[in-house]
Colleague: 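Before I ask anything, here is the structure I am working with.
Order of the sequence lines sets the chain letters (A, B, ...), proteins ahead of strands, with each chain counted from 1.
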Amino acid sequence: MSTIGWRDRLQGQMDPELAEEIEVFENQVELRKDGRVDERVFAETRLRRGVYGQRYDNGQRHDGVEHRRLEFPSGDLTKGPETLWDAPGMLRIKVPWGGLTPLQIDVLAELAEEYSDHVLHVTTRQDIQLHYVHIEDMPTVMRRLAAVGMTTREACGNGVRNLTACPLSGVCRTEAFDVTPHSEALFRFLLGHPDCQDFGRKFKIAFSGCADEACGLVMMHDLGAIARVDVVDGQPVQSFDVYVGGGLGTTPHQAKLLAGQVPLGELLPTVQAVSRVFARLGEKQNRNRARIKFLVSQVGIEEFSRLVREEREILPYDPRWTAHLEDGLLPEDPARALDTGAEDDGADPAFLAWRENNVYLQRQPGYAVVTIPLPLGDISSGQSRLLADVARRFVGDTVRTTVEQNIVFRWVRLEDLRDLHAALAEIGMADPYAETIVDVTSCPGTDTCKLGISASRGLAGELRERLAAKSGELDEAVKGLRIKVSGCFNSCGQHHVADIGFFGNSRKSGGRVVPHFQVVLGGQWQENAGSYGLAVGAIPSKRIPEVVDRITNQFVADRLPGESFLDWSGRTGRKGLAAIIEDLKQIPEYEDDPALFSDWGNPREFSIGDIGVGECAGEVISSTDLELSFAESIAFEAQVALEDGDIERADDRAYRSMITAARALVRTELPDVPEQDDVIVREFDTRFVETKRFQDRFAHGKFARPLLERHASGQSVATEEHARTLVEEAQLFIDAAHACQIRMAGATSATQ
Amino acid sequence: MNPHRISVKLYLDDPAALDAEAVVPPFHRYIREDAVGGIPIDVARYAHVVNGPGVLIIGHQLDYAIDYAEGRAGISVTRKRDPEGTLVEQVRDLATEAARLSLLLQGEDGIGDAGRVGTGEALVTILDRYEAPNDDETLVRVEPTLREAFEPLSECAAVEVTRVGGAREPFAARVAITAARPLERWAEGSAALA
């Protein structure tokens with residue numbers, strides 16, 4: 001009941017395009033339940049809407065003694081290959097440039113309570129994730145998000161993921177200029193953009209306000225833009241340096257300069273051109289080589305740049321490229337005007353410690369940014385509501401998530417700092433460890449991720465607890481170090497760019513498997529993740545706290561005056577670093593230390609049998625398949641409308657489904673096919689009907705006729721009989737489009 | 001009313017005595033031994049979140065938790081899917097499940113009495129803002145159900161129902177039970193109490 005209720009209640013509150021998207025997805029959920037959509041197509045469909053699988057969703061779990069089958073009520077029904085329908089999943093919600101409002105936080109809290117496990121999880125890419133959500137609840141969750149301007153669209157799958165940006169943008173003391181409006185414009189432009197629907201892999205974008213700080217971590221992204229200002233003819237001119245081909249994972253790459261000093265109005269078309277080159281030339285079959293970093297590496301940055309310039313030249317003009325510049329770049333306003341601007345610097349030690357680590361003075365005098373650390377990126381629904389109230393009181397809509405899995409409040413008046421600290425302390429959110437070694441970052445790891453090998457969150461929690469307990473004794477040089485943990489080599493915890501990083505793996509000993517973490521030292525957080533760390537050896541999980549102690553102690557003992565951890569680890573070298581922890585690699589007999597054979601926070605004897613097939617890569621489904629699947633959803637809506645007696649809608653939906661299917665076919669030959677029905681039908685007629693390629697062997701041109709006739713008539717006939725006929729013909733048209741696509745694919749492969 | 005999710009929480013007698021992490025090993029074992037209802041899937045640990053959901057057995061139909069929400073530790077059980085019986089039966093079944101979990105934990109070495117919950121008070125939360133917004137109108141609709149569910153758990157059929165929380169929170173009602181029957185009776189379930 002509440003599913004239908006929410007849909008009706010939220011009508012008119014959602015962006016129409018997003019509402020339509022969700023409607024389509026809801027239909028596809030129904031179609032998949034009826035077995036009318038292929039599981040691989042459905043998997044990519046849901047991934048492109050942020051709906052991920054979760055650990056154990058193949059229905060198998062190792063309980064510490066043996067593998068057991070989870071007997072879900074829907075049996076073998078799947079929502080993707082080896083992914084059972086009833087198995088709970090994760091929903092990733094995009095938070096472009098980390099921007100959140102208190103109202104959005106309230107709604108996120110509601111959703112965590114009603115559909116998830118009462119926890120919001122901030123990711124290392126500024127998204128928010130809900131875990132343990134049932135597939136059938138997803139459309140309602142999406143609607144409630146859309147009603148407050150949030151989307152899950154393309155949060156997973158082979159598309160443009162969340163767009164990240166430095167949380168200090170606009171208030172930073174060292175930035176060239178505020179990148180927020182540009183990142184927002186690019187986010188909106190690329191969301192659902194046809195040129196981004198045929199990637200072989202995901203595509204991550206980051207913005208940074210300057211080259212020197214950590215900020216947006218541009219150098220580890222598929223594409224990144226760094227703001228710059230140059231003086232030309234005595235006038236300051238803003239532009240972006242655009243980088244491409246960075247990435248972490250098993251084969252980390254530093255991004256390369258694609259184009260320097262790209263004018264603001266050229267940023268969006270440049271990224272569009274990159275997208276088209278990637279879609280056209282990027283690897284599609286071997287997902288391990290399908291990120292853009294491999295394409296850039298393969299053709300070389302000079303050739304890649306030439307291809308992008310060439311593509312840019314032939315792009316059809318789009319007014320959205322510069323609309324945000326013409327509309328004016330609205331600056332963010334403080335929620336509270338300055339009174340005195342004077343900071344109350346009383347002597348409460350808890351406040352002083354918090355102010356030292358968690359407060360950043362903005363370039364605007366009298367204001368500060370306050371970081372609110374979230375342990376392991378988690379915040380409960382109850383805390384979220386209280387935090388939203390604190391935001392309303394002190395900063396209004398200027399809340400942001402960070403890639404270090406925290407939340408920041410911007411535009412805090414200095415005179416409010418003490419009251420804000422007290423308000424945060426009251427709700428248990430005034431930990432004074434922001435951006436220190438205590439503030440450990442971690443991906444979900446074996447807690448919920450299908451690919452997790454070791455318990456990254458378990459380890460991160462343990463390290464956080466131990467380091468917090470001795471934070472007062474830590475050497476100043478150690479206090480500012482960063483620790484980041486990934487549950488596997490895929491680097492979601494961004495271990496490559498930490499001073500001290502770890503990623504999960506395992507080793508066998510005496511017939512048993514022992515959880516390990518590979519130790520990675522000397523990554524560079526600054527200069528937009530300017531260089532990656534060195535792997536120095538795999539150590540059993542339970543000994544990692546000892547690794548941290550030894551490495552930090554050695555650093556303090558050895559470091560030259562003013563020497564950074566990066567420089568020290570470089571000077572010490574891989575061999576020297578490995579020697580510090582060498583003896584910890586030894587694995588004793590199980591009987592001598594059974595604890596070593598289980599992981600942090602999980603008493604089950606360790607097993608790698610729960611690792612599933614990852615969905616990060618998405619399914620390699622062509623955009624034609626997806627568009628035809630979309631057409632089927634619209635045809636389904638037509639059937640529902642017919643059953644409801646809504647003849648006009650049934651006719652409209654049936655017609656629209658055929659237009660969509662026709663466009664899918666036309667797009668295989670004309671990537672820029674416009675949205676106008678006249679053009680689509682004309683191109684379809686010319687390319688597929690007149691050439692007889694759409695003809696069925698037995699039915700000949702019969703299946704194309706309903707579209708051509710309905711389009712020529714120009715209006716709905718709107719009688720029940722006609723609508724019923726058209727609905728049936730629409731389904732046959734879509735089937736014929738599928739058959740045509742298969743014939744075309746056969747012809748293509750036969751010629752290769 | 002057919003709410004999306006309902007939860008019943010019973011409060012620990014001595015919250016300070018229980019370390020949330022101590023329940024992690026038994027929770028894993030309960031999954032292995034099918035000691036809890038529904039299809040249990042995994043254990044989720046959120047003890048690091050202040051006033052959060054604590055440590056949970058996540059299941060398909062039911063979640064069981066050592067729950068620290070509202071700053072008070074308790075055992076909560078949440079019905080998420082596949083409800084059975086009337087709303088009265090659903091609520092009472094959740095109270096039964098919470099009582100059973102408490103008894104299970106009390107039998108654990110290293111936990112013992114720290115796992116004991118009181119029976120004089122329960123918190124019922126309806127996690128469905130569409131069906132049950134947190135207002136007095138919902139209280140009027142729900143109160144008879146809660147009375148019917150909890151009166152058999154009192155020796156003298158005396159319960160008091162009070163709405164708690166604000167409009168942004170899910171509907172929640174505190175049920176005070178006079179002369180509550182012992183936990184062991186609660187754990188016997190609806191049939192024994194009928």
Colleague: Which atoms of A/Phe72 come close to chain B, meaning under 4.5 Å heavy atom to heavy atom: side chain ones, backbone ones, both, or neither?
Modeller: both

Colleague: Give the member of A/Leu70, A/Asp447, A/Leu374, A/Leu376 that has the highest number of heavy-atom pairs under 4.5 Å with chain B.
Modeller: A/Leu376

Colleague: So do A/Pro373 and A/Asn358 actually touch side chain to side chain, heavy atoms under 4.5 Å?
Modeller: yes

Colleague: Please classify the contact between A/Arg55 and chain B as side chain, backbone, both or neither, with a heavy-atom cut-off of under 4.5 Å.
Modeller: neither

Colleague: Hey, are A/His134 and A/Asp86 close enough side-chain-wise for a donor-acceptor pair under 3.5 Å?
Modeller: yes

Colleague: What are the residues of residues 57-65 of chain B, in order of number, with any heavy atom under 4.5 angstrom from a heavy atom of chain A?
Modeller: B/Ile58, B/His60, B/Gln61

Colleague: Below 4.5 Å, heavy-atom pairs only: which of B/Arg5, B/Arg45, B/His4, B/Glu70 has the largest tally toward chain A?
Modeller: B/Arg5

Colleague: Going by distance alone, is a donor N or O of one side chain under 3.5 Å from an acceptor N or O of the other, for B/Gln106 and B/Ser102?
Modeller: yes

Colleague: Using a 3.5 Å distance criterion without hydrogens, assess whether the side chain of B/Arg163 forms a donor-acceptor pair with backbone atoms of B/Ala173.
Modeller: no

Colleague: When heavy-atom pairs shorter than 4.5 Å are enumerated against chain B, which of A/Ile427, A/Val119, A/Thr448 gives the highest number?
Modeller: A/Val119

Colleague: Report the option among A/Gln383, A/Glu114, A/His118 that has the most heavy-atom pairs separated by less than 4.5 Å from atoms of chain B.
Modeller: A/Glu114

Colleague: Do side-chain atoms of B/Arg100 reach the backbone of B/Ala187 as a donor and acceptor pair under 3.5 angstrom?
Modeller: yes

Colleague: Could you look at B/Pro3 and say if it's the side chain, the backbone, both or neither that has a heavy atom under 4.5 Å from chain A?
Modeller: neither

Colleague: With a 4.5 angstrom heavy-atom cut-off, is it the side chain or the backbone of B/Ile39 that approaches chain A, or both, or neither?
Modeller: side chain

Colleague: Of the backbone (N, CA, C, O) and the side chain (C-beta and beyond), which part of A/Arg464 lies under 4.5 Å from a heavy atom of chain B, both, or neither?
Modeller: neither

Colleague: I need the residue from B/Arg29, B/Glu169, B/Arg168 with the largest number of non-hydrogen atom pairs under 4.5 Å to chain A.
Modeller: B/Arg168

Colleague: State whether a side-chain donor-acceptor pair under 3.5 Å links B/Thr96 with B/Asp93.
Modeller: no

Colleague: Check whether any side-chain heavy atom of B/Leu105 lies under 4.5 Å from a side-chain heavy atom of B/Ile66, and answer yes or no.
Modeller: yes

Colleague: Just checking, is any N or O donor in the side chain of B/His48 or A/Asp378 under 3.5 Å from an acceptor N or O on the other one?
Modeller: yes

Colleague: Measure the spacing between CZ of A/Phe606 and OG1 of A/Thr446 and express it to the nearest 0.5 Å.
Modeller: 7.5 Å

Colleague: Please report the shortest heavy-atom distance between A/Cys443 and A/Gly487, naming the atom on each side.
Modeller: SG-N, 3.0 Å

Colleague: Using heavy-atom distances under 4.5 Å, tell me whether A/Glu136 contacts chain B through its side chain, its backbone, both, or neither.
Modeller: side chain

Colleague: Could B/Glu188 and B/Arg181 be called an ion pair, given the rule that one side-chain N must be under 4.0 Å from one carboxylate O?
Modeller: no

Colleague: Among A/Met429, A/Arg385, A/Glu66, A/Glu71, single out the residue with the greatest number of heavy-atom pairs under 4.5 Å to chain B.
Modeller: A/Arg385

Colleague: Relative to chain A, which segment of B/Asn51 carries a heavy atom at a distance below 4.5 Å: side chain, backbone, both, or neither?
Modeller: backbone

Colleague: Between A/Pro603 and B/Val24, which heavy-atom pair has the shortest distance, and what is it?
Modeller: CD-CG1, 3.7 Å

